2 protein chains.
Amino acid sequence: MSRYRFERAEALAFLQSLDDASVDAVITDAPYSSGGATRGDRMSNTTLKYVHTGTILERPEFAGDNRDQRAFGYWCALWLSEALRVARAGSPICVFADWRQVPTVTDAIQAGGWVWRGIVPWDKGPAARPSMGRFSSRCEYVVWGTSGASLDLESVGCLQGLVHCHQTTDDKHHMVGKPTPVMQHLVKICPPAGIVLDPFAGSATTGVAALLEGRRFVGCELTEAYYGIGLDRLEACAQGVSLEAYRAGQRPLFG
Amino acid sequence: MSRYRFERAEALAFLQSLDDASVDAVITDAPYSSGGATRGDRMSNTTLKYVHTGTILERPEFAGDNRDQRAFGYWCALWLSEALRVARAGSPICVFADWRQVPTVTDAIQAGGWVWRGIVPWDKGPAARPSMGRFSSRCEYVVWGTSGASLDLESVGCLQGLVHCHQTTDDKHHMVGKPTPVMQHLVKICPPAGIVLDPFAGSATTGVAALLEGRRFVGCELTEAYYGIGLDRLEACAQGVSLEAYRAGQRPLFG
DNA sequence: TGTAGGTATGAATCCGACT
DNA sequence: AAGTCGGATTCATACCTAC
């Protein structure tokens with residue numbers, strides 16, 4: 001039996017298709033809808049917004065990154081509340097946010113019925129986005145909580161509330177993808193052999209991390225290109241081979 | 001002329017006594033009113049609230065740490081709005097918060113008329129308060145912003161948006177005091193030779209850091225015991241001697 | 001002065017017992 | 001019942017003591 005299940009689907013619809021209390025942790029990186037101050041900025045070509053000037057990395061656009069602040073909060077509360085139903089009582093949840101979205105996400109997570117338990121900064125290192133006369137934005141944040149007040153996490157040790165890891169292009173399969181070591185750290189909050197859910201899986205880094213740490217994975221991704229990359233990465237990981245080796249194996253050797 | 005001014009006063013009253021546009025930065029650590037889910041926990045003896053059970057740390061209590069969430073936000077907006085008047089246009093502001101108060105402080109800073117510009121985590125190191133099955137609370141947070149939209153910070157270089165510093169016993173003069181190196185880093189956001197304001201000065205670590213970094217200082221503290229400690233530290237720093245040496249000099253050698 | 005080993009500590013949180 | 005109280009728990013590091 002496969003240790004993962006990955007589908008091409010819209011997040012809310014996918015969540016609705018899952019049974020009550022059928023997963024042990026939710027770990028995800030929902031589209032931030034951050035960046036531009038004006039609606040025009042947010043609606044503009046999303047592909048270019050995230051790439052460093054001068055280096056055009058060809059990555060597919062991704063959907064759902066153009067909501068305003070209020071709509072973003074409302075939409076988060078919607079899927080978070082559906083995720084609560086799907087999660088076993090006592091399950092932990094981790095949601096990424098940049099500094100601008102932290103208050104909205106902490107509100108939304110609570111509006112969705114989860115108990116907010118803290119913030120885990122992800123430190124991207126000193127190189128990240130220096131700018132004159134201000135504090136650099138070198139951190140992103142993981143807002144975390146649990147389903148219900150009582151913790152069911154005795155099986156899990158004490159985890160550090162800060163992750164250091166700078167992003168290498170090597171490990172970057174999605175435009176705003178998170179490094180695998182960061183996800184491996186977060187995944188440890190899920191009880192061993194438990195099921196990790198990621199309804200915004202992208203290139204499935206959460207899933208790869210879950211498999212590497214001995215957890216199982218359930219997730220979905222809407223954008224076709226990312227879904228394809230994610231599927232390859234998951235299968236390569238499940239077979240214990242590199243992505244390149246796996247893909248080479250998929251191609252007919254003698255065309 | 002003295003490079004600092006430190007008074008025993010209540011914060012809001014002190015702020016009201018200051019002239020418009022008379023300081024160049026606001027850097028402060030207001031009482032969090034956090035820690036404790038119930039009103040009783042928050043209202044309980046502050047001396048015991050923050051220390052390990054069974055060990056009594058001999059430090060004076062401090063005032064104003066018992067507001068509920070809503071009152072805390074309202075009160076912050078009040079003094080923040082008064083601080084905005086006192087700050088020159090373009091001045092930066094830094095306010096400490098623990099994870100629980102971050103959203104309230106980001107709201108309050110904006111309600112007070114400031115432009116919110118980011119979050120700077122202070123990492124206390126891996127030793128901080130572990131507990132089973134959770135991410136440790138090893139960070140506190142500095143919410144920062146500016147007076148008005150246009151930054152007037154060209155005189156200041158690029159500052160790191162994360163501070164690592166473990167609290168040492170030597171450098172801890174207040175029950176919840178911040179390490180001097182942390183404050184030295186923050187104080188650099190103030191233009192050189194500018195005036196740093198701290199209306200919740202406690203043992204005046206902000207002031208000491210300001211002097212060490214070549215800035216001037218204006219502040220107040222309500223609790224008498226901390227006011228006394230702060231005054232000694234500032235004067236010792238201004239004279240370029242250690243706190244112990246300064247205090248020894250104050251005592252008559254032959255009683 | 002240096003190293004090794006024991007102890008104390010932390011802006012905490014949980015849970016059962018009690019009012 | 002909902003709210004409150006108090007004891008027990010967690011571990012990496014700093015600090016202290018002994019050699």
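To find a chain, count down the sequence lines: A is the first, B the second, and so on, and within it residues start at 1. Given the structure is predicted, the values throughout are model-derived calculations rather than measurements.
Rounded to an integer number of Å, the gap from B:M132 CE to D:dC11 C1' is 11 Å. Nucleotide C:dA12 holds its P atom 16 Å from the CH2 atom of A:W116, rounded to whole Å. Note: CG (B:D171) to C1' (D:dA14) measures 14 Å, nearest angstrom. Distance NE2 (B:H173) to C1' (C:dA11): 18 Å, rounded to an integer number of Å. Rounded to an integer number of Å, the gap from B:R138 CZ to D:dT13 C1' is 11 Å. If you take CE of B:M175 and P of C:dA12, they are 11 Å apart, rounded to a whole angstrom.
Rounded to whole Å, the P atom of D:dG6 lies 22 Å from the corresponding atom of C:dA11.
Out of C:dA11, C:dA12, D:dT10, the shortest distance to the side chain of B:K172 is found at C:dA11. Nearest nucleotide to the B:P126 side chain, out of D:dA12, C:dA12, D:dC11: D:dA12. Checked against D:dA12, D:dA14, C:dC14, the side chain of B:H166 finds its nearest nucleotide in D:dA14. With C:dT13, C:dA11, D:dT13 as the choices, the nucleotide that has an atom nearest any side-chain atom of A:R117 turns out to be C:dT13. Closest to the B:A127 side chain, of the nucleotides C:dA11, D:dA12, D:dC15, is D:dA12. Side-chain proximity of A:Q160 to the nucleotides D:dC11, D:dA12, C:dC14 is greatest for D:dA12.
In terms of phosphate contacts, B:R100 brings a side-chain nitrogen or oxygen within less than 4.0 Å of OP1 or OP2 of C:dT13. A close approach under 4.0 Å does occur between a side-chain nitrogen or oxygen of B:R134 and OP1 or OP2 of C:dC14.
One N or O on the side chain of A:R3 and one on the backbone of A:G214 form a donor-acceptor pair closer than 3.5 Å. Remark: the backbone N or O of B:L15 is paired with a side-chain donor or acceptor of B:R85 at under 3.5 angstrom.
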Next item on the list: Would you please test B:E140 and B:K124 for salt bridge (charged side-chain N to carboxylate O under 4.0 Å, His left out) and show each step?
Entry: CA-CA 8 Å; B:E140 285 180 41; B:K124 295 183 276 190; 2.9 Å; yes

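Evaluation of the ring-ring contact (aromatic ring centres under 6.0 Å, His included) rule for A:W122 yields no partner, not counting sequence neighbours. Remark: A:H166 pairs with no residue by the side-chain contact (heavy atoms from CB on, under 4.5 Å) rule, at least two apart or across chains.
Between B:E7 and B:R5 there is a salt bridge, with a side-chain nitrogen of the basic residue lying less than 4.0 Å from a carboxylate oxygen of the acidic one.
The residue B:E140 sits close to a base: some heavy atom pair falls under 4.0 Å. Residue-level contact check: B:W99 touches the backbone only, with heavy atoms under 4.0 Å from sugar-phosphate atoms and none from bases. Residue contacts for B:D29: at a heavy-atom cut-off of 4.0 Å it reaches a base atom on one of the strands shown. Using a 4.0 Å heavy-atom criterion, one finds that B:A97 contacts no nucleic acid atom at all. Note on B:S136: nothing from the nucleic acid sits closer than 4.0 angstrom, heavy atoms only.
Around atom CD of B:Q250, more than 12 heavy atoms belonging to other residues, nucleotides or ligands sit under 6.0 Å away.
Evaluation of atom-type donor-acceptor distances gives a pair under 3.5 Å for the side chain of B:K178 against the base of C:dA11.
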Checklist line | Watson-Crick and G-U pairing of DNA chain D written in dot-bracket, each distance under 3.5 angstrom, with | for inter-strand partners | finding: .||||||||.|||||||||

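Between A:W116 and B:W99, the gap from one ring centroid to the other is short of 6.0 Å.
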